[in-house]
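Heads up: the structure comes next, in structure tokens.
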Amino acid sequence: MNAALGAPDGAAPVPDPELTLKILVAGGFGAGKTTLVGAVSEIRPLRTEEGLTEAGEAVDDTGPVGRKATTTVAMDFGRITIRQGLSLYLFGTPGQDRFWFLWDDLSEGALGAVVLADTRRLQDCFPAVDYFERRAIPFLVAVNCFAESRSYGADEVARALDLDRGTPVVLCDARDRDSGKEVLVRLVEHAGRRHSARVPTPVG
């Protein structure tokens with residue numbers, strides 16, 4: 001028996017058990033949540049987008065994202081394998097206030113969350129930041145670097161959002177798979193550290 005591998009001599013190593021983690025992708029209306037999930041997902045993403053209508057003009061502040069023609073009304077869903085034995089299920093949350101009743105169900109069992117930020121409407125991040133802080137769900141802020149937006153450093157964004165010390169802020173391009181994957185890796189690492197800090201050290 002090859003004790004190190006847990007298999008008889010000459011036998012193929014036993015693969016690591018599959019671990020799947022639930023991650024939320026949140027943020028304000030038009031911040032790039034659907035784009036990020038679609039860019040990194042290795043499966044065809046599930047989307048629940050509907051067209052914007054005249055009836056929603058009074059409650060949907062399109063502002064700098066005036067070219068946006070659709071909105072997520074339930075969730076986006078995708079899947080990405082980070083490494084062998086570790087996959088992430090991605091749940092993109094709706095960004096508008098009137099769909100917030102879905103957040104409690106979507107956040108159940110989540111390891112952590114990505115809060116996408118658009119520096120043109122940074123105030124739209126506050127509800128998501130407050131939501132995850134109050135529920136002690138680990139999160140990071142990913143600044144989606146739109147071409148027409150002013151460039152800010154991570155420290156400036158952290159101060160503007162009054163983030164708790166230790167909450168990561170990263171810059172990304174939600175359209176780019178590698179950039180999005182790096183955001184997710186950073187989140188898993190951050191959530192792992194937070195979880196380890198909460199687990200008491202055994203005595204004796």
So which heavy atom on [X] is nearest to which on [Y], and how close?
X    : Y    : answer
M75  : L106 : SD-CD2, 3.7 Å
G28  : K33  : O-NZ, 2.7 Å
L102 : P94  : CD1-CG, 4.0 Å
L187 : A113 : CD1-O, 3.4 Å
G27  : A128 : N-CB, 4.4 Å
A26  : T93  : CA-OG1, 3.3 Å

Exercise. Got a sec, which residues hit salt bridge (charged side-chain N to carboxylate O under 4.0 Å, His left out) with R134, two or more places apart in sequence or on another chain?
Worked result: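 Here the qualifying residues are D130.
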For this session: Please name all residues satisfying salt bridge (charged side-chain N to carboxylate O under 4.0 Å, His left out) with E189, sequence neighbours left out, ordered by chain then number.
Result: none
Which donor-acceptor pairs under 3.5 Å do the side chains of residues 135-147 make with protein atoms, sequence neighbours left out?
| unit_1 | atom_1 | unit_2 | atom_2 | d |
| --- | --- | --- | --- | --- |
| R135 | NE | Y131 | OH | 3.4 |
| R135 | NH1 | Y131 | O | 3.4 |
| N144 | OD1 | A174 | N | 3.1 |
| N144 | ND2 | A31 | O | 2.9 |

Problem set entry | Partners meeting side chain to side chain donor-acceptor pair (under 3.5 Å) with E42 (sequence neighbours left out) |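 In terms of side chain to side chain donor-acceptor pair (under 3.5 Å), with neighbours along the sequence ignored, E42 is linked to R79, T81.
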State, with a plain yes or no, whether a side-chain heavy atom of [X] is found less than 4.5 Å away from one of [Y].
X    : Y    : value
I80  : R177 : yes
D118 : D124 : no
F91  : V25  : no
L24  : W103 : no
L88  : V188 : yes

Once side chain to side chain contact (heavy atoms under 4.5 Å, CB included) is applied, do any residues pair with [X], and if so which ones, sequence neighbours excluded?
X    : result
D176 : D173, D178, S179
A39  : none
D162 : none
L122 : A117, C125, V157, A160, L161

For this session: Check ring pair (Phe, Tyr, Trp, His ring centres under 6.0 Å) between Y89 and all other residues, then give those that pass, not counting sequence neighbours.
Result: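 In terms of ring pair (Phe, Tyr, Trp, His ring centres under 6.0 Å), with neighbours along the sequence ignored, Y89 is linked to F77.
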